Amino acid sequence: MKEIVVISGKGGTGKTSVTASLAVLGGESLVVADCDVDAANLHLLLTPEVQYREDFYSGKEAEINPLICTDCGICADVCHYGAILKPIDTGQWIIDKNLCEGCGYCSHVCPASAITLSSAYSGEWFRSKTRTGGLMVHAELAAGADNSGKLVARVKNEARKSAKEAGADYVLVDGSPGIGCPVISSLSGAAFVILVTEPTKSALHDLRRVYEIVRKFSISAGCVINKADLNPEVENEILGFLQEENIPLLGTIPYDSVFSEAMTAGMTIVEYSRGEITRRVEGIWEQLLREVSSR
Amino acid sequence: MNIAIASGKGGTGKTTVSVNLTSYLCRKQPAVLVDLDVEEPNAGLFLETEVVSKTITYKQIPVWNQASCTSCGFCARVCEFNAVIQIKDDILIFPELCHSCGACVGLCPANALVMESKEMGVITHSRDDNLEFVESRLNPGEEQAVPQIRETKSYLARNFNDSMLCIMDAPPGTSCPVVEVIRDADVVLFVAEPTPFGLHDLQLAVKAARSLGKEPAVIINRVGIGNEDTEKFCREQSLRVIARIPNDREIARSYSDGKLLFQEFPSVRSAMESIKGYLDESEKRFSTNQPKANQPKDRQEINP
């Protein structure tokens with residue numbers, strides 16, 4: 001079983017729409033995992049029917065018991081995040097949950113043992129069946145929650161398990177934008193990376209940065225250029241970069257209103273359109289299979 | 001006044017609004033644009049500014065001194081992030097997992113760990129006439145955006161006074177890096193797309209902002225694609241839509257070349273005018289009405 005991860009660096013290049021179409025084309029040969037847990041969108045196209053759900057707790061949260069607190073303030077002195085405050089109105093030490101990172105330093109130094117650490121609720125994850133019959137693992141991060149990297153790791157693990165049980169060949173992962181912890185977490189254990197980009201200066205800049213991470217992990221990659229005819233000069237720059245880095249082009253998708261029309265209809269491109277754009281996506285899937293099996 | 005420009009979904013036009021708004025405002029008044037999308041900062045691609053200074057940012061990472069270590073393993077037990085691990089008599093430290101809390105260093109009974117600085121990113125300050133541009137860039141391979149954002153905020157506090165108009169281009173998403181940016185903002189603006197993805201992520205972003213006690217206003221970009229659901233959501237939630245930018249292939253083309261849009265496209269220009277109107281209104285409210293909500297300096301703790 002091989003893991004294929006779709007990332008982009010820049011947001012809004014069409015990562016999720018491409019992933020959803022590939023998931024439909026792959027059918028039962030794959031389990032799809034939505035690891036963009038911050039702003040998960042894949043379920044809007046694949047309308048999964050949830051079969052199993054579980055709360056996700058990760059990291060800790062500190063709390064001060066005001067009845068035991070002796071007002072010594074040592075906790076606030078050691079806290080590196082400035083999360084322990086004494087508001088003028090109440091005169092009692094409290095922990096600002098938005099600032100606390102759950103390191104527990106305060107609980108170790110409190111002479112009165114007034115501070116307790118408990119597991120923090122960070123969201124939930126689901127195992128589902130998609131509208132087209134495939135398996136899907138996805139999650140929802142609690143608003144403003146920390147630890148998205150850990151939830152990504154959990155979703156991937158569950159997807160691997162499901163793939164093994166179902167005898168699927170691939171886990172297809174929809175990653176998040178950026179280069180930080182959720183992206184790095186989604187790359188661990190990947191056999192192949194699909195870089196979805198578009199011919200804009202911003203997307204090329206972001207592609208270069210995210211590829212630096214992919215290269216550090218020594219993972220093979222292929223590229224999809226979306227909105228391909230928008231800017232031929234920047235497209236050439238992207239092709240030059242791919243050549244330099246020896247990244248195969250899996251295919252291009254023209255700038256087409258079908259892309260957002262399909263999304264608005266709540267469908268994947270390959271279900272919504274019978275036109276050129278669908279043939280392109282089918283070509284990308286075939287090229288992807290060739291690349292992945294040759295490695 | 002701090003203005004955060006954010007969005008749940010990536011690629012909705014956050015940076016486009018930030019750079020065009022700042023450039024538009026700068027024709028009349030000084031303003032600072034801060035690129036806090038530290039993982040993928042690209043506001044700079046649209047600006048021609050001259051670099052004034054570059055500041056390397058550091059995070060604090062524990063370093064093990066084997067000679068003083070008694071191998072008690074307390075450091076590894078207190079670390080909640082699995083960044084400190086004991087294997088027999090050796091202590092291993094994983095800097096990319098470390099949250100710089102200092103617990104292992106402070107609690108080590110043998111003083112065998114010390115904090116040392118490790119390079120994390122760079123803050124580049126540049127200028128063009130009225131426009132100050134501060135770009136914050138995380139080194140690839142660094143996992144945590146939040147410490148880099150914090151360092152940048154303290155750079156801003158050192159270099160600009162409170163009355164300066166400060167426009168912050170936030171990272172996408174709804175988790176810790178975004179929270180770090182909008183937490184101290186006086187005005188939160190979300191750039192949304194009228195598509196199912198755009199709406200879904202706007203809903204999450206609004207929830208996150210409201211949990212911080214912020215009431216955001218919305219700018220809808222690419223009007224014409226998708227459906228009416230985003231407008232409907234804003235009406236139902238009493239979210240003020242302060243500007244709309246139409247979907248236009250020519251705008252997308254101009255953007256792809258890294259160009260500013262408000263001079264070329266009247267629709268973008270009028271959107272910037274509307275946003276400015278909203279900011280003027282907000283500024284009046286802040287200066288006359290109330291103390292700034294949720295600003296750390298206003299809930300000063302009494303230190304015993």
Side-chain angles (χ1 to χ4, degrees), chain A residues 9-13 16 38-39 41 44 59-60 71-73 76 78 80-82 85-88 91 98 101-105 108-109 141 143-146 148-149 176-181 184 198-202 205-206 209-210 212-213 216 227 230-231 233-234 255 257 260 263-264 266, chain B residues 8-12 15 37 39-40 42 45 60 78-81 96 99-103 106-107 138 140-145 171-179 183 193 195-197 200-201 204 207-208 211-212 222 225-227 249 252-253 255-258 296 299-304:
Chain A
K10 178 170 157 44
T13 59
T16 301
D38 240 61
N41 288 144
L44 297 171
K60 299 286 172 63
D71 199 16
C72 71
V78 302
H80 282 230
Y81 312 114
L85 314 160
K86 188 158 123 176
I88 297 161
N98 286 312
E101 299 202 6
C103 71
Y105 197 173
H108 287 284
V109 298
L141 191 72
D146 211 332
S148 54
S176 48
I179 60 167
C181 64
I184 290 174
E198 62 181 28
T200 63
K201 293 269 184 202
S202 314
H205 166 272
D206 296 357
R209 266 167 79 80
V210 80
E212 251 185 81
I213 313 282
K216 264 187 194 164
K227 306 181 193 166
L230 182 65
N231 189 326
E233 294 88 51
V234 181
Y255 187 94
S257 60
S260 63
M263 187 206 289
T264 307
Chain B
K9 177 169 155 44
T12 58
T15 304
D37 187 0
E39 294 179 37
E40 297 286 23
N42 41 36
L45 296 169
Q60 299 295 311
V78 297
C79 182
E80 292 286 346
F81 311 109
E96 59 286 356
H99 283 227
S100 309
C101 71
L107 297 169
L138 190 68
E142 284 296 328
E143 291 200 23
Q144 295 164 49
T174 57
S175 66
C176 31
V178 188
V179 168
R183 201 158 46 81
E193 225 175 61
T195 60
F197 285 10
H200 177 261
D201 297 350
L204 295 175
K207 207 163 131 192
S211 77
L212 294 167
R222 303 209 182 97
I225 62 167
N227 55 30
R249 191 185 163 119
R253 160 79 211 203
Y255 164 86
S256 73
D257 275 327
R299 43 165 196 195
Q300 238 356 300
E301 58 271 37
I302 323 157
N303 248 324

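Just so it is clear, the model here is predicted, and its values are computed rather than measured. Note: hydrogens, waters and symmetry copies are ignored here, and every other heavy atom, side chains too, is used. Protein chains get the first letters and strands the later ones, always in sequence-line order, with residue 1 at the start of each.
For A:Ser260, the part sitting under 4.5 Å from any heavy atom of chain B is the side chain, from C-beta outward, and nothing else. Of the two parts of B:Arg222, neither the backbone nor the side chain holds a non-hydrogen atom closer than 4.5 Å to a non-hydrogen atom of chain A. Of the atoms belonging to A:Leu230, heavy atoms from both backbone and side chain fall under 4.5 Å from chain B. Interface residue A:Pro177: backbone and side-chain heavy atoms are both found under 4.5 Å from chain B.
The distance from atom CG of A:Asn41 to atom NE2 of B:His200, rounded to the nearest 0.5 Å, is 6.0 Å. Atom-to-atom distance recorded for A:Glu101:CD and B:Gln144:CD is 7.0 Å, nearest 0.5 angstrom. Expressed to the nearest 0.5 Å, how far CG of B:Asn42 lies from NE2 of A:His205 amounts to 6.0 Å.
In this structure, A:Lys10 does not pair ionically with B:Glu40, as no charged nitrogen and carboxylate oxygen lie closer than 4.0 Å. Salt-bridge annotation for B:Glu142 and A:Lys216: absent, with no side-chain N of the basic residue lying under 4.0 Å from a carboxylate O of the acidic one.
Nearest heavy atoms, A:Ala39 versus B:Leu204: CA-CD1, 4.1 Å. Closest heavy-atom contact between A:Ile179 and B:Glu39: N-OE1, 2.7 Å.
For the residue pair A:Thr264 and B:Asn227, no side-chain donor N or O sits within less than 3.5 Å of a side-chain acceptor on the partner.
Legend: residues meeting ring pair (Phe, Tyr, Trp, His ring centres under 6.0 Å) with B:Tyr255, ordered by chain and number and at least two apart, are B:Phe46.
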